[in-house]
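Working notes, beginning with the structure itself.
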Protein chains: 2
Amino acid sequence: METAGEQGNYAHDVLAVVLRITGSVPSVLLWQRAREPHAGRWALPGGRLGPDEDVEASVRRHLAEKVDLAEVAHVEQLGVFSDPHRGPPPRRVATAFLGLVPSDADPAVPDDTAWHPVDALPETAFDHGAITRDGVDRLRAKLSYTNIGFALAPDAFTVSELRDLYAAALGHRVSATNLHRVLTRRGVLVPTGETAPPGPSGGRPAAMYRFSEHELRVTDPFATLRPPGAAV
Amino acid sequence: METAGEQGNYAHDVLAVVLRITGSVPSVLLWQRAREPHAGRWALPGGRLGPDEDVEASVRRHLAEKVDLAEVAHVEQLGVFSDPHRGPPPRRVATAFLGLVPSDADPAVPDDTAWHPVDALPETAFDHGAITRDGVDRLRAKLSYTNIGFALAPDAFTVSELRDLYAAALGHRVSATNLHRVLTRRGVLVPTGETAPPGPSGGRPAAMYRFSEHELRVTDPFATLRPPGAAV
DNA sequence: CCATGTTTTCGACCACGAGGCGAAAACCAC
DNA sequence: GTGGTTTTCGCCTCGTGGTCGAAAACATGG
């Protein structure tokens, strides 16, 4: 009853919600299907899980066919989508990932592939629209209590630029004062010493910053109910 | 290249890390394998994903073979485990879930199944030890910023009893004063009006409480970087 | 019945993180 | 220099949570 290639085996796909913010607009990377099913609709990058890779390696491999992997600054698992009717037969199970590309990167993409603002998605294939919304929600939540902004921002940036990135991703205005204070107090933001020249209308030159780490880190004190005597 | 039953299809399993706290000790539900591979080792409940169910329905179905599903107060997805060498061939991909059973429930279990303290796991099958640790970590994290305690506690309880549950799950002492204030201020704890009789050595009778909701809810203000003018 | 011990509950205090606001700093253009 | 612009920083307030100790409400023993 455990022989391969029999009832109870399913194709396993990996999918990536790759997000990027340009000009205060968050966009997702989609490609347009040429063949049925759902020809003409837009789908998330991804593909079949291979025999010698885990799902994360697989999603990176498939992603490399659409964008330069070096431009994807962060990848994390979103979850499994397994509704038996999420697509036409034969049944497919998919593991979805979230990928983030810094705003200054502009990777070349194939002809069938393009960035689409997440607030104005085209007609999407299968359940890829819902998966995209899950990815956006995940990003929004993690901006608050992790340093995940490193994956959206250029290597060096001003507080105002970072404020615009956060505001676009969160969907509401963000105070530069507060953002600067919160992130520096957490130690995730460090000044480079450089300053950016002011715009054409003048203004004080902005100090440049960079993220102290480029690995995801959770802000500890988001955990309330700490052990006694914990030095916060 | 998309024909069924071919290279690229894998058996998909669902697994459940079912946790329960009794006598200040968190335990996980495991069953002892009778057959190879890994005969004699202890495994998480679960089984094959069926053709007409999604992974959550599947894990509930398989769980029903080990415990009374009515006793499982909460189920959520943990993630996908897909290392090609996580078990002997043929390859299997698994979606893991976290399940929680209230401390006053004592569901009947089959002969091959038993609760094991998570701090003293027996020899586990495949990667089930690591998955169990992931489940425990998830519970610990969510205790802080959600009302997930509803799934660990009896329907009505005193603050001291709840304190002991939290302390056991978190692995450190918890102040009853603080726990009471935090949870009531969040509105997740409401008094029933009843009081529990004091113990044999006397003491003020404790007020009984219950969780206001039995659905998972995230505590809003754990999200820092709020929108401007947000009434917290 | 009163003194003592035990457990729960509640208020007071403090520290800290974060939002709001306005002043000061540092630039441009005229 | 003067006015306009943008950034930065200090100060204030508020809410949350940790700590502590007193008060409440019971039991037991003399």
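Heavy atoms only: backbone and side chains are in, while hydrogens, waters and symmetry mates are out. In this text the structure is predicted, and so the values were computed from the model without any measurement.
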Self-check item: Rounded distance in Å - CZ (A:Arg186) to C1' (C:dC16)
Solution: 13 Å
Quiz prompt | Sequence-distant partners of B:Arg163, salt bridge (charged side-chain N to carboxylate O under 4.0 Å, His left out), two or more places apart | solution = none
Quiz item: Between C:dT8 atom C1' and B:Leu189 atom CG, what is the distance in whole Å?
Solution: 15 Å
Quiz item: How far does NZ of B:Lys66 sit from CH2 of B:Trp31, to the nearest 0.5 angstrom?
Solution: 5.5 Å
Practice problem: Quick one: label B:Ala207 by what it contacts on the DNA or RNA (base, sugar-phosphate, nothing), any heavy atom closer than 4.0 Å. | Solution: sugar-phosphate
Practice problem: Select one nucleotide: of D:dT19, C:dT9, D:dT8, the one nearest the side-chain heavy atoms of B:Ser175. | Solution: D:dT19
Quiz prompt | Contacts of A:Arg61 that satisfy side chain to side chain donor-acceptor pair (under 3.5 Å) - sequence neighbours left out | solution = A:Glu53
Self-check item: B:Leu162 CG - C:dT9 P separation (whole Å)
Solution: 12 Å
Quiz item: Rounded to the nearest Å, what distance is computed from the CG atom of residue B:Leu183 to the C1' atom of nucleotide C:dT9?
Solution: 15 Å
Quiz item: Which nucleotide, C:dG22, C:dT8, C:dA12, lies nearest any side-chain atom of A:Thr177?
Solution: C:dG22
Quiz item: Which letter, B, S or -, goes with each nucleotide of nucleotides 25-30 of chain C from 5' to 3', with contact meaning a protein heavy atom under 4.0 Å?
Solution: BBBSS-
Quiz item: Among C:dC10, D:dG17, D:dC9, which is the nearest nucleotide to the side chain of A:His180?
Solution: D:dC9
Quiz item: Going by modelled atom types, is there a donor-acceptor pair between the base of D:dT19 and the side chain of B:Arg181 at under 3.5 Å?
Solution: yes
Quiz item: What is the distance from CZ of B:Arg163 to P of D:dT19, rounded to the nearest Å?
Solution: 14 Å
Quiz item: With sugar-phosphate meaning primed atoms plus P, OP1 and OP2, does B:Thr158 contact a base, only sugar-phosphate, or nothing at under 4.0 Å between heavy atoms?
Solution: nothing
Quiz prompt | D:dG17 base / B:Arg185 side chain donor-acceptor hit below 3.5 Å | solution = yes
Self-check item: Whole-Å gap separating P (C:dA18) and OH (A:Tyr166)
Solution: 12 Å
Practice problem: Round to the nearest Å and state the distance from A:Leu179 atom CG to D:dC9 atom P. | Solution: 14 Å
Exercise. Let me know the distance between CD of A:Glu161 and C1' of D:dT7, rounded to the nearest Å.
Key: 12 Å
Using distance only, find each side-chain donor-acceptor pair of residues 103-115 of chain A under 3.5 Å and give its atom names and separation, not counting sequence neighbours.
unit_1	atom_1	unit_2	atom_2	d
A:Asp106	OD1	A:Arg20	NH2	3.4

Quiz item: In Å, rounded to the nearest 0.5 Å, how long is the span from CG of A:Asp54 to CD of A:Gln77?
Solution: 9.5 Å
Quiz prompt | Contacts of type side chain to side chain donor-acceptor pair (under 3.5 Å), residue A:Arg140, not counting sequence neighbours | solution = none
Side-chain donor-acceptor pairs under 3.5 Å in residues 187-214 of chain A, sequence neighbours left out?
unit_1	atom_1	unit_2	atom_2	d
A:Thr192	OG1	A:Glu194	N	3.1
A:Thr192	OG1	A:Met208	O	3.4
A:Tyr209	OH	A:His180	NE2	3.0
A:Arg210	NH1	A:Asp155	OD2	2.4
A:Ser212	OG	A:Gly187	O	2.9
A:Ser212	OG	A:Val188	O	3.4
A:Glu213	OE1	A:Arg217	NE	3.2
A:Glu213	OE2	A:Arg217	NH2	2.9

